[in-house]
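Some notes on the structure that comes next.
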Amino acid sequence: MSWIDQRPDDAMDGAFTAVGPEAVRTVEPAVFREAMSRLGAAVHVLTTAGPGGKAGTTATAVCSVSDAPPTLLVCLNRRSQTNPLVVENGVFCVNTLGHDGADIADIFAGRTGVAGGDRFASGEWLTLSTGSPVLASAVIAFDCRIIEVRSVGSHNVFFGAVETVRAGPGGPALVYHDRAYKQV
Ligand SMILES: Cc1cc2nc3c(=O)[nH]c(=O)nc-3n(C[C@H](O)[C@H](O)[C@H](O)COP(=O)(O)O)c2cc1C
């Protein structure tokens, strides 16, 4: 049996999640991560600034929720150093990277060993209405105020009302697929 064939009944030690009213049996987390690697997704840098300080991290778990009112969600691991700052600041900006954004993506994913506010030494940064850092070269930036937070499994799901958008240079965008950056 390959990893792709695994169903809950096949899992010897299936993980359990408690998000539903009753425990639900799932595939193994490693199987889920392998499956998700086949799902290509746009690459964003999620930033925040405010009383809690300034921070940012790379994220693909970003999704449109509603256009009236304009709302999106981001999923952030509670272990990320950015998570408590987003909670305290109550604001974030989703900066969608262009085709040349792989270096910035690696910096904000912690792959270069740079942490905290030092990550902003790369790139040109602006602010819009929430004060969260806005990457000038982002193909699009969504400046958001948090309206709801849900804790699901290992992650916080932040729902953000979109206060302002800024369109940067157009052109190809960066996606992450099969554990590699690609340009579309
Ligand atoms: C392409 C890519 C996408 C990522 N997407 C997410 C994501 O959606 N949510 C998340 O919590 N971490 C995501 N990560 C991991 C974070 O960027 C980061 O490495 C991890 O949360 C540790 O964060 P910290 O260095 O800010 O503490 C992603 C990493 C990469 C390279």
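Nothing fancy with the numbering, it's 1 onward along the sequence. Counting starts at 1 for both ligands and their atoms, in listed order. This structure is a prediction, so every number in the text was calculated from the model and none was measured.
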Open item on the list: Judged on heavy-atom distance to atom 31 (C) of ligand 1, which of R179, R111, R78, H155 sits nearest?
Closed with: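 Minimum heavy-atom distance to atom 31 (C) of ligand 1 goes to R111.
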- [ ] Flag yes if more than 12 heavy atoms outside R150 fall under 6.0 Å of its CZ atom; otherwise flag no.
- [x]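 Result for CZ/R150: open.
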- [ ] Would you mind telling me if ligand 1 is within reach of the side chain of M36, the backbone, both or neither, using heavy atoms under 4.0 Å?
- [x]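 For M36, no heavy atom sits under 4.0 Å from ligand 1.
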Open item on the list: Heavy atoms only, cut-off 4.0 Å: how does C75 contact ligand 1, side chain, backbone, both, or neither?
Closed with: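 Just the backbone.
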Measuring only between side-chain heavy atoms, which start at C-beta, is [X] closer than 4.5 Å to [Y]?
X    : Y    : value
T130 : E163 : yes
L76  : L46  : yes
F32  : T26  : no

Quick one: look up the protein heavy atom nearest [atom] and list residue, atom name and how far away it is.
atom                    : result
atom 19 (O) of ligand 1 : A109 O, 2.7 Å
atom 26 (O) of ligand 1 : R119 NH1, 3.1 Å
atom 2 (C) of ligand 1  : T58 CG2, 3.9 Å
atom 11 (O) of ligand 1 : N77 N, 2.8 Å
atom 5 (N) of ligand 1  : T60 N, 3.0 Å
atom 27 (O) of ligand 1 : Q81 N, 2.8 Å
atom 18 (C) of ligand 1 : T57 OG1, 3.6 Å
atom 21 (O) of ligand 1 : S80 CB, 3.7 Å

Report yes if [X] has an N/O atom closer than 3.5 Å to an N/O atom of ligand 1; otherwise report no.
X    : result
G56  : no
Y176 : no
A61  : yes
Y181 : no
R79  : no

- [ ] Pull out every atom of ligand 1 sitting under 4.0 Å from any heavy atom of A59, numbered as shown with elements.
- [x]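 Numbered from 1, ligand 1 contributes 4 (C), 5 (N), 6 (C), 7 (C), 8 (O).
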Open item on the list: As an exercise, identify every atom of ligand 1 less than 4.0 angstrom from a heavy atom of T82.
Closed with: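 Matching atoms, with element in brackets: 26 (O).
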May I ask you to check whether [X] and [Y] show a side-chain donor-acceptor distance below 3.5 Å?
X    : Y    : answer
R79  : S154 : no
N77  : N83  : no
T112 : D106 : no
S129 : T164 : yes

TODO: Examine distances only and state if a side-chain atom of N95 and a backbone atom of L135 form a donor-acceptor pair shorter than 3.5 Å.
DONE: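 Present.
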Task: Q183 side chain vs L174 backbone, donor-acceptor pair below 3.5 Å - done: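 Side chain of Q183 to backbone of L174: no pair is present.
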Task: 4.0 Å heavy-atom contact, L76 with ligand 1 - done: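 The answer is yes, since L76 has a heavy atom less than 4.0 Å from ligand 1.
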Open item on the list: According to side chain to side chain contact (heavy atoms under 4.5 Å, CB included), who are the partners of S64, at least two apart in sequence or on a separate chain?
Closed with: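 Here no residue qualifies.
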Solution key, residues 114-124 side-chain donor-acceptor pairs under 3.5 Å, sequence neighbours excluded:
{"from": "R119", "atom 1": "NE", "to": "I107", "atom 2": "O", "distance (Å)": "3.4"}
{"from": "R119", "atom 1": "NE", "to": "V114", "atom 2": "O", "distance (Å)": "2.8"}
{"from": "R119", "atom 1": "NH1", "to": "G56", "atom 2": "O", "distance (Å)": "2.9"}
{"from": "R119", "atom 1": "NH1", "to": "F108", "atom 2": "O", "distance (Å)": "3.2"}
{"from": "R119", "atom 1": "NH2", "to": "V114", "atom 2": "O", "distance (Å)": "3.3"}

